[in-house]
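Take a look at the structure set out below.
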Amino acid sequence: MRILLTGAAGFLGSHLCDRLLYEGHVVVGLDNFVTGNRENLVHLVRNKDFTFIRQDVSETISVRGKLDAVLHFASPASPNPDSPFGYPNLPVETLKAGSLGTFNTLDLARINHSRFLFASTSEVYGDPLEHPQTEAYWGHVNSVGPRSMYDEAKRFSEALIMAYFRSKTSDTRIVRIFNTYGPRMRLDDGRVVPSFIQQALRSEPLTIYGDGLQTRSFCYVDDLVDGIYRLLLTDEHLPVNIGNPVETTILDFAETINRITGNTAGLEFHSDKRLGNDPERRCPDISRARDLLGWEPKVNLEEGLVRTITSFREKMGII
Ligand code: UDP
């Protein structure tokens with residue numbers, strides 16, 4: 001297939017590029033570097049099956065030649081307002097990427113009669129009242145809250161995609177991505193994984209927002225990409241959760257990172273830093289992914305963290 005991937009220079013996008021190229025596809029990567037990072041694609045510069053276009057997905061997209069698939073992954077994704085890369089600091093860009101960007105990529109897929117796959121998110125469930133979250137759960141979301149620019153853009157995109165699908169003009173897929181981690185995450189995007197690993201490698205205390213009893217379920221990037229690739233090859237049009245169903249408190253997660261890195265600086269509690277509408281619990285029900293895709297994660301947290309910490313050490317110049 002000849003595949004257009006928006007957000008190609010991002011953490012997930014760049015890993016997905018690698019997988020698509022590995023599978024023998026031709027990839028056109030698109031990014032405007034608002035949160036993506038050139039370094040993530042440097043290793044592909046000489047790959048004859050990869051081309052790159054610098055473009056904002058919210059503006060008109062022009063790609064020459066026939067496309068067999070369009071994958072829309074472009075969006076800021078960190079909720080942290082302390083980072084310049086967090087979506088609270090890029091609210092209009094985030095809403096445009098998940099509205100105009102979705103229109104543009106859907107239209108491109110329609111014109112090309114190609115497959116379409118959208119990177120949605122567990123954030124569509126908001127601060128959920130049901131655990132674990134199945135795709136049938138409608139969510140508990142604040143449309144005017146501090147995370148709304150991201151949550152509502154993704155929810156709008158899902159609605160738009162279903163409208164295109166139901167009009168029988170488009171061959172669409174929606175993956176709901178839960179917390180994912182691995183090499184190539186931005187060190188400075190303020191999300192919990194890069195923040196904790198950086199603090200641990202600098203022998204600093206890990207900053208827990210709130211009491212740390214909130215939970216997340218962390219999926220290693222290779223597992224996630226495998227689930228997405230399998231979904232791309234199916235004809236499943238309703239949303240599919242992809243994530244790791246092993247739930248952990250942020251407190252336990254921090255202690256695991258301190259143990260693996262040998263950091264003895266401990267933890268520091270910042271009750272003021274916990275954002276409004278920060279989900280209390282998040283854990284995917286992956287029954288649909290198991291049934292439809294024969295997929296489940298293989299890399300456990302310990303193993304994934306060791307790989308991620310090793311890559312962060314290199315990135316930070318720590319031997
Ligand atoms: N968090 C934390 N310390 C940090 C960064 C984040 O305790 O330095 C918490 C945050 O409040 C949230 C969880 O870790 O409850 C996961 O946050 P992240 O920003 O990674 O993304 P989210 O899962 O909320 O989208």
Side-chain angles (χ1 to χ4, degrees), residues 10-12 35 75-90 94 98 119-128 131-133 139-142 145-155 176-182 184-202 204-221 224 241-258 261 263 265-284 301 304-305 308 312:
F11 159 55
L12 291 183
T35 57
S75 176
S78 165
N80 197 323
D82 293 338
S83 164
F85 303 104
Y87 52 70
N89 291 312
L90 299 163
T94 304
S120 188
T121 168
S122 55
E123 291 276 325
V124 300
Y125 303 120
D127 185 4
H131 304 286
Q133 290 84 54
H140 178 231
V141 188
N142 180 355
R147 302 170 84 109
S148 60
M149 65 292 282
Y150 186 69
D151 304 2
E152 296 298 349
K154 294 291 187 181
R155 288 172 68 94
R176 289 187 180 153
I177 297 171
F178 283 67
N179 290 69
T180 305
Y181 69 101
R184 301 190 199 152
M185 292 191 93
R186 277 205 95 102
L187 295 179
D188 47 3
D189 83 359
R191 277 185 285 186
V192 71
V193 176
S195 298
F196 280 2
I197 296 180
Q198 266 198 98
Q199 289 160 351
L201 292 178
R202 291 192 181 124
E204 295 169 1
L206 308 198
T207 52
I208 308 276
Y209 297 174
D211 57 13
L213 296 179
Q214 67 269 36
T215 70
R216 293 294 185 272
S217 310
F218 295 100
C219 186
Y220 189 67
V221 64
L224 186 97
N241 288 340
I242 299 284
N244 194 312
V246 179
E247 192 176 1
T248 166
T249 64
I250 293 300
L251 211 51
D252 284 344
F253 184 63
E255 275 161 4
T256 304
I257 289 180
N258 274 344
T261 55
N263 181 30
L267 310 174
E268 209 170 71
F269 290 84
H270 295 259
S271 50
D272 53 316
K273 290 252 183 181
R274 182 126 190 246
L275 289 177
N277 306 149
D278 185 4
E280 208 42 58
R281 288 184 70 184
R282 185 186 286 155
C283 179
L301 187 61
L305 279 176
T308 309
F312 271 51

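Read the numbers this way: they start at 1 and go in the same order the structure lists the ligands and their atoms.
- With ligand atoms numbered from 1 in the order given, ligand 1 contributes 9 (C), 11 (O), 15 (O) to contacts under 4.0 Å with heavy atoms of Gln214.
- Applying the 4.0 Å criterion to heavy atoms of Ile208 picks out, from ligand 1, the atoms 7 (O).
- The side-chain heavy atoms of His140 and Pro279, taken from C-beta on, include no pair separated by under 4.5 Å.
- The shell of residues lying under 4.0 angstrom from ligand 1, judged by heavy atoms, excludes Phe253.
- Nearest protein neighbour of atom 5 (C) of ligand 1, counting heavy atoms only, is Tyr209 CE1, 3.5 Å.
- Expressed to the nearest 0.5 Å, how far CZ of Phe85 lies from CG of Asp188 amounts to 5.0 Å.
- Listed by number with element, the atoms of ligand 1 under 4.0 Å from a non-hydrogen atom of Asp278 are 10 (C), 11 (O), 12 (C), 15 (O), 24 (O).
- Between the side chain of Gln214 and the backbone N or O of Gly212, at least one donor-acceptor pair lies under 3.5 Å.
- Taking only nitrogen or oxygen atoms, main chain and side chain alike, Arg216 reaches within less than 3.5 Å of ligand 1.
- Nearest heavy-atom pair, Ser83 versus Gly190, reported as atom, atom and distance to 0.1 Å: CB-N, 4.1 Å.
- Of the residues Thr215, Thr256, Asp211, Ile208, the one that meets the side-chain contact (heavy atoms from CB on, under 4.5 Å) test with Leu251 is Ile208.
- Close contacts between ligand 1 and Arg147 involve ligand atoms 22 (P), 24 (O), 25 (O) [criterion: under 4.0 Å to a heavy atom].
- Between His270 and ligand 1 there is no heavy-atom distance shorter than 4.0 Å.
- Taking a cut-off of under 4.0 Å to the non-hydrogen atoms of Ser195, the atoms of ligand 1 that pass are 8 (O).
- Of all protein heavy atoms, the one lying nearest to atom 17 (O) of ligand 1 is Val192 CB, 4.0 Å.
- Counting heavy atoms from C-beta on, the side chains of Ser217 and Phe178 never come closer than 4.5 Å.
- Among protein heavy atoms, atom 8 (O) of ligand 1 sits closest to Thr207 OG1, 3.1 Å.
- Across every non-hydrogen atom of Tyr181 and Thr308, the tightest pair is CD1-OG1, 3.5 Å.
- Residue Glu123 is tested with Arg282, Arg176, Lys154 for a salt bridge (charged side-chain N to carboxylate O under 4.0 Å, His left out); the sole match is Arg282.
- Residue Asn80 places no N or O, backbone or side chain, under 3.5 Å from any N or O of ligand 1.
- Among the atoms of Asn179, some N or O lies under 3.5 angstrom from an N or O of ligand 1.
- Ranking the protein heavy atoms by distance from atom 21 (O) of ligand 1 puts Pro79 CG, 3.7 Å first.
- Under 4.0 Å from ligand 1, the heavy atoms of Ile250 that appear belong solely to its side chain.
- Applying the 4.0 Å criterion to heavy atoms of Glu123 picks out, from ligand 1, the atoms 25 (O).
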